[in-house]
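For reference, the structure is listed below as structure tokens.
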Amino acid sequence: MNKQVVFQIMYWIAFIIGSGSWYYTFTMDYGIVYTIIITFFTGIWAVLIAAAALKNKLLLVLSVLMFLSPYLMFAFTILFLN
């Protein structure tokens, strides 16, 4: 199997796990804590794969947005609900 295919599979697994962690935010108490932890680690993992192995700027931007998504949600909540 080609190395690029393996890295893409690893990238998309990390991205799906990180995106799926938003489920905890809306279904359990203090689920945002789990979401922050999971998106932090999967975001870092996906950024490293996208930057070093795949050298794909679009995937890198998606990974950074996934990494920052809980913090962006807090910022928009504070900004618009106050």
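As the structure is a prediction and not an experimental result, all values here were calculated from the model.
Qualifying side-chain contact (heavy atoms from CB on, under 4.5 Å) partners for F76, counting only residues two or more places apart in sequence or in other chains: L72, F80. T77 is linked by a side-chain contact (heavy atoms from CB on, under 4.5 Å) to M73, L81, counting only residues two or more places apart in sequence or in another chain. When the side-chain contact (heavy atoms from CB on, under 4.5 Å) test is applied to D29, no partner is found at least two apart in sequence or on another chain.
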If you look only at distance, which donor and acceptor atoms sit under 3.5 Å apart when one is on a side chain in residues 50-65 and the other is two or more places apart or in another chain?
| residue | atom | partner | partner atom | Å |
| --- | --- | --- | --- | --- |
| K55 | NZ | A52 | O | 3.2 |
| N56 | OD1 | L58 | N | 3.1 |
| S63 | OG | Y11 | OH | 3.1 |
| S63 | OG | L59 | O | 2.8 |

Listing, residues 12-21 side-chain donor-acceptor contacts under 3.5 Å, not counting sequence neighbours, or none:
| residue | atom | partner | partner atom | Å |
| --- | --- | --- | --- | --- |
| S19 | OG | F15 | O | 2.9 |
| S21 | OG | G18 | O | 2.7 |

Quiz: residues 38-45 side-chain donor-acceptor pairs under 3.5 angstrom, not counting sequence neighbours:
| residue | atom | partner | partner atom | Å |
| --- | --- | --- | --- | --- |
| T39 | OG1 | T35 | O | 2.7 |
| T39 | OG1 | I36 | O | 3.3 |
| T42 | OG1 | I38 | O | 2.7 |

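When the side chains of ILVMFWY residues are joined at heavy-atom separations under 4.5 Å, either directly or via intervening members, I49 and V5 end up in a single hydrophobic cluster.
Within a 6.0 Å radius of OH in Y23, other residues, nucleotides and ligands contribute 12 heavy atoms or fewer.
In this structure, I32 and Y24 have side chains that are not in contact, with every pair of non-hydrogen atoms separated by 4.5 Å or more.
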